[in-house]
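Hydrogens, waters and symmetry mates are skipped; everything else that's a heavy atom, side chains included, is used. As the structure is a computational prediction, the values presented were derived from the model and not from experiment.
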Amino acid sequence: MDRLKKSDLRTLLKHEPLPRLSVYMPTHRAGSEIQQDPIRLKNLLGQAEDRLSDYGLRRPEVQEFLVRANDLLRDAIFWQQQSDGLVLFAAPDLFRHYRLPLDFEESLSVGDQFYITPLFPLFQNAGQFHILALSQGEIRLLEGTKYGVEEVELERLPRSLAEALKWDDPERQLQGHTASRGRQGGERGRPDMTFHGHGVGTDDEKTNILRFFQKVDKALSDFLAGEQTPVVLAGVEYLLPIYREANSYNYLAEGHIAGNPEDLRAETLHARARELLAPGFKREQEESAELYRQQAGAQTGRASKQIAEIVPAAYSGRVGRLFIQERVQTWGRFDLANNRVDIHSDRTPASEELLNTAALYTFQNDGAVYVVEQSEMPDDSAIAAVFRY
């Protein structure tokens with residue numbers, strides 16, 4: 001699974017050369033359907049050629065613009081390693097693609113801004129979370145969304161207690177039993193360290209496990225630096241308080257998944273983590289919706305469902321919370337010079353998707369963006385905003 005962080009999105013939006021191409025499409029993880037995915041992308045890139053020509057690029061410029069996207073069509077391994085959805089972003093001197101666990105509708109956009117609205121479910125209501133499965137013999141890090149779960153490979157994540165401590169001072173190795181892996185059917189000459197029993201029997205053993213977990217915490221904290229995704233612990237009861245003592249990540253979930261995670265499939269861990277996190281998943285969104293209803297009902301001027309009012313407010317940083325109905329588009333143009341929004345009855349080459357414009361500016365100004373179903377909108381409109389002032 002490719003990782004898309006908020007910081008990646010912010011970097012993308014800072015890229016200045018125009019035009020900007022955004023392509024979204026559903027993909028398949030397995031089965032005969034994966035053979036159709038490159039054909040689907042090829043058709044979309046054909047449409048992109050026409051859109052880029054309409055934008056004003058000449059034929060050689062269009063070919064250069066799409067060269068890296070077209071290279072993917074011939075990459076057989078790439079198409080065998082898909083998630084649920086694929087998104088491509090391209091601009092002069094820029095090409096990014098992400099395989100994400102989101103079920104995208106097929107879409108194509110060429111214009112002055114990247115189309116990012118379909119990505120916000122990754123960042124709202126614990127759209128992403130991690131599961132850290134702990135045991136002395138195996139450490140696994142899983143990344144989940146409401147759609148599925150996949151294991152994350154971290155180079156610096158120690159996989160076991162023995163691996164984490166094998167290079168430490170032998171005098172500090174604690175009272176575990178060591179044996180040559182050459183005699184145990186493993187790699188010859190490397191020590192294997194295990195502890196017996198159902199708990200931590202000595203202070204030395206706890207210290208050893210604590211040092212192990214400190215190494216795990218360092219790898220995890222570096223990996224999640226700057227993020228706020230919750231991490232759910234899975235493990236036997238006696239290990240969990242030791243890990244919490246080692247932990248330095250601010251978004252460790254209060255609850256946990258009890259039991260030896262070595263016995264649990266990734267899908268089982270995912271289901272239990274979702275159940276654990278469910279009560280808090282939409283709390284912030286529901287609080288934002290209630291705040292909108294309060295402000296709109298009191299007519300304070302701090303809430304609006306008018307896109308012509310919301311887009312300029314988002315640009316100026318006034319929008320603190322923004323709701324957008326998913327799979328809805330409104331075409332028009334934001335005239336920045338006159339701070340005016342013009343709505344187009346039909347899409348034209350000069351049109352921009354105004355809900356996306358509002359989301360983009362809100363995100364850039366550190367506001368919260370919720371892309372939700374119609375039933376979750378706080379008002380009878382495709383957009384609603386709470387203003388900061």
Side-chain angles (χ1 to χ4, degrees), residues 1-9 11-12 15 20-49 51-52 62-110 114-116 118-119 121-122 127-131 133 138-159 219-220 222-224 227 229 265-267 269-270:
M1 182 191 303
D2 294 348
R3 301 191 71 248
L4 176 62
K5 301 184 291 186
K6 285 186 177 182
S7 57
D8 298 326
L9 201 53
T11 300
L12 179 76
H15 190 78
R20 296 169 182 173
L21 168 69
S22 309
V23 177
Y24 290 83
M25 57 174 279
T27 52
H28 302 85
R29 297 171 183 260
S32 59
E33 293 91 345
I34 63 174
Q35 300 176 11
Q36 301 300 315
D37 292 341
I39 298 174
R40 186 190 298 263
L41 178 60
K42 182 178 180 180
N43 293 335
L44 284 167
L45 295 180
Q47 298 175 36
E49 290 183 7
R51 298 273 186 89
L52 290 166
V62 171
Q63 293 176 338
E64 176 65 23
F65 194 100
L66 296 175
V67 64
R68 294 178 64 183
N70 280 308
D71 285 345
L72 294 180
L73 300 176
R74 298 181 289 274
D75 189 342
I77 295 177
F78 173 80
W79 294 104
Q80 294 170 7
Q81 299 174 341
Q82 291 300 306
S83 186
D84 300 306
L86 175 67
V87 56
L88 311 179
F89 295 113
D93 301 318
L94 180 142
F95 180 72
R96 300 283 187 274
H97 63 80
Y98 298 95
R99 293 165 289 192
L100 300 172
L102 292 175
D103 186 16
F104 296 130
E105 278 194 342
E106 187 175 296
S107 69
L108 170 71
S109 170
V110 173
F114 288 115
Y115 183 54
I116 63 171
L119 299 176
L122 278 176
Q128 286 178 310
F129 60 92
H130 291 84
I131 305 165
E138 181 184 45
I139 297 291
R140 295 155 65 198
L141 179 64
L142 307 173
E143 183 170 278
T145 69
K146 65 181 181 180
Y147 301 102
V149 66
E150 294 184 14
E151 188 158 352
V152 178
E153 295 291 338
L154 288 187
E155 291 183 3
R156 297 183 180 181
L157 182 69
R159 291 298 180 181
L220 180 67
D222 289 347
F223 179 66
L224 295 176
E227 296 194 46
T229 55
R265 298 172 61 245
E267 291 76 13
L269 291 169
H270 175 256

- Query: What's the shortest heavy-atom distance between Ile116 and Tyr24, and which atoms?
  - Reply: CA-OH, 3.6 Å
- Message: Please evaluate residues Arg29 and Glu150 with respect to the criterion salt bridge (charged side-chain N to carboxylate O under 4.0 Å, His left out), reporting the C-alpha separation (whole Å), side-chain torsions for both, the decisive distance (0.1 Å), and the verdict.
- Response: CA-CA 12 Å; Arg29 297 171 183 260; Glu150 294 184 14; 2.5 Å; yes
- Give a yes or no answer on whether the side chain of Asp8 reaches the backbone of Lys5 with a donor-acceptor pair at less than 3.5 Å. yes
- Item | Closest contact, heavy atoms only, Arg51 versus Val110 | CB-CG2, 3.6 Å
- Query: What do you reckon, is CD of Gln63 surrounded by more than 12 foreign heavy atoms closer than 6.0 Å?
  - Reply: yes
- Message: Tell me if a side-chain donor or acceptor on Ser22 pairs with a main-chain N or O of Phe89 at a distance below 3.5 Å.
- Response: no
- Query: Which atom pair, heavy atoms only, marks the closest approach of Arg159 to Val152?
  - Reply: NH2-O, 4.1 Å
- Query: Quick one: are the ring centres of Phe114 and His15 less than 6.0 Å apart?
  - Reply: no
- Task: Taking Trp79 for its side chain and Leu72 for its backbone only, find out whether a donor-acceptor pair lies under 3.5 Å.
- Result: yes
- Item | Distance-minimising heavy-atom pair for Leu52 and Phe65 | CD1-CD2, 3.7 Å
- Taking the side chain as every heavy atom from C-beta outward, state whether Leu66 and Phe95 have any atom pair closer than 4.5 Å. no
- Query: If you count the non-hydrogen atoms of other residues, nucleotides and ligands that lie under 6.0 Å from CZ in Arg156, is the total more than 12?
  - Reply: no
